[in-house]
Amino acid sequence: QMRPVESGGGSVQTGGSLKLSCSASWITWRTYCIGWLRQAPGKEREAVAAIDSDGVTSYADSVKGRFTLSLDNAKKTLVLHMNALSPEDTAMYYCAARESTVVAGTHCLGLVLLAHRGQGTQVTVSS
C-alpha cells in the first residue's frame, strides 16, 4: 500500500517557522484530498490543514492565519508552511491522502482523518 512520505519538521523556539513537505507521487486518483494531521502525546489526532484536487484549502481554527498549505498537483507534492509556532503546536505531524468520489472542498479536512498516512515527522516548539 502506497503511503505519503513526509520531510521537514524539527525543533524551533516559540514564534519560529518550519516547513513540512509531503511526497505522494503515487497518487493517480482524479479527485482526492491530501493534508496534514497531527497528534500530541495524550491527545487525539487532529486534522490541521487539507486541500482537494481542485486546490481548495481548509484549516483547523487553531492554525488559521499561521499555517499555509500548497500543492504541486503535477508532482503531488504538498507543502505546509508553519509560522508563529507555539508549544501547543508540538506534535507528530502526518501527511495523509485519500481518494474522494467528488471534489470535496473543505470537507477534505475531515476526510483526511481517515486516509493513508505516512510515518510522520516530529515538530517540537520550545518556549
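In what follows, every heavy atom counts, from backbone to side chain, and hydrogens, waters and symmetry copies are set aside.
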Chemist: If you define the side chain from C-beta out and look only at heavy atoms, does anything of W26 sit under 4.5 Å from P4?
Modeler: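 Result yes, sub-4.5 Å side-chain heavy-atom pair found.
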
Chemist: I'd like to check the side-chain contact (heavy atoms from CB on, under 4.5 Å) partners of L78; sequence neighbours left out, ordered by chain and number.
Modeler: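 Once residues adjacent in sequence are excluded, the partners of L78 under the side-chain contact (heavy atoms from CB on, under 4.5 Å) criterion are C22, I34, W36, I51, L69, L71, C95.
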
Chemist: Tell me whether T121 contacts the main-chain N or O of G8 through its side chain, where contact means a donor paired with an acceptor under 3.5 Å.
Modeler: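 Side chain of T121 to backbone of G8: a pair is present.
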
Chemist: Any side-chain heavy atom of L85 within less than 4.5 Å of one from F67?
Modeler: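 Of all side-chain heavy-atom pairs linking F67 with L85, at least one is under 4.5 Å.
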
Chemist: Using modelled atom types only, decide if a donor and an acceptor are shared between the side chain of N73 and the backbone of S53 within a distance under 3.5 Å.
Modeler: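 Yes, because the side chain of N73 sits within donor-acceptor range (under 3.5 Å) of the backbone of S53.
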
Chemist: Considering only residues two or more places apart or on different chains, which pairs with a residue in residues 4-25 satisfy side-chain hydrogen bond (donor to acceptor under 3.5 Å, both in side chains)?
Modeler: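 Qualifying pairs, neighbours excluded: S17-N83.
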
Chemist: Would you find more than 12 non-hydrogen atoms of other residues, nucleotides or ligands less than 6.0 Å from Q122 atom CD?
Modeler: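 More than 12 heavy atoms, drawn from other residues, nucleotides or ligands, come within 6.0 Å of this atom.
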
Chemist: Listing request: all side-chain hydrogen bond (donor to acceptor under 3.5 Å, both in side chains) pairs with a residue in residues 99-111, at least two apart in sequence or in separate chains.
Modeler: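 Found none.
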
Chemist: Please identify each residue that fulfils side-chain contact (heavy atoms from CB on, under 4.5 Å) with A115, with sequence neighbours left out.
Modeler: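 A115 satisfies side-chain contact (heavy atoms from CB on, under 4.5 Å) with A96, R98 once adjacent residues are dropped.
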
Chemist: Compare every heavy atom of H116 with every heavy atom of W29, then report the nearest pair and how far apart it is.
Modeler: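 Heavy atoms only, the tightest pair is CH2-CD2, 3.9 Å.
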
Chemist: With a 4.5 Å cut-off on side-chain heavy-atom distances among I, L, V, M, F, W and Y, is there a chain of contacts connecting L20 to V79?
Modeler: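 No; V79 is not reachable from L20 via cluster members.
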
Chemist: Hey, could you give me each pair passing salt bridge (charged side-chain N to carboxylate O under 4.0 Å, His left out) that has a residue in residues 23-44? Not counting sequence neighbours.
Modeler: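 Pairs touching residues 23-44 that pass the test: R38-E46, R38-D89.
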
Chemist: Could you work out, with side-chain hydrogen bond (donor to acceptor under 3.5 Å, both in side chains) as the rule, every residue matching K75, not counting sequence neighbours?
Modeler: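 Expected list: none.
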
Chemist: Is the side chain of D52 donor-acceptor paired with the backbone N or O of D54 at a distance under 3.5 Å, no angle test?
Modeler: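 Yes, because the side chain of D52 sits within donor-acceptor range (under 3.5 Å) of the backbone of D54.
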
Chemist: Can L80 be reached from I27 by stepping across I, L, V, M, F, W or Y side chains whose heavy atoms are under 4.5 Å apart?
Modeler: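 In one cluster with I27: L80, yes.
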
Chemist: Transitively linked via ILVMFWY side-chain contacts under 4.5 Å: L37 with M92?
Modeler: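 Yes, one cluster joins them.
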
Chemist: Which heavy atom of K64 sits nearest to which heavy atom of Y59, and what is that distance?
Modeler: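 Scanning both residues, the minimum pair turns out to be CE-O, 3.3 Å.
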
Chemist: Which heavy atom of L113 sits nearest a heavy atom of A47, and at what distance?
Modeler: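 In this case the closest contact between L113 and A47 is CD2-N, 3.8 Å.
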
Chemist: Do you know the tightest heavy-atom contact between C33 and A104?
Modeler: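 Scanning both residues completely, I find the closest heavy atoms to be SG-CB, 3.6 Å.
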
Chemist: Taking a hydrophobic cluster as the set of Ile, Leu, Val, Met, Phe, Trp and Tyr residues connected by side-chain heavy atoms closer than 4.5 Å, whether directly or through intermediates, do V12 and V123 fall within one such cluster?
Modeler: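 Yes, one cluster joins them.
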
Chemist: Do L109 and M82 sit in the same hydrophobic cluster, where Ile, Leu, Val, Met, Phe, Trp and Tyr count as joined when their side-chain heavy atoms come under 4.5 Å apart?
Modeler: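 Per the 4.5 Å side-chain linkage, L109 and M82 are not co-clustered.
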
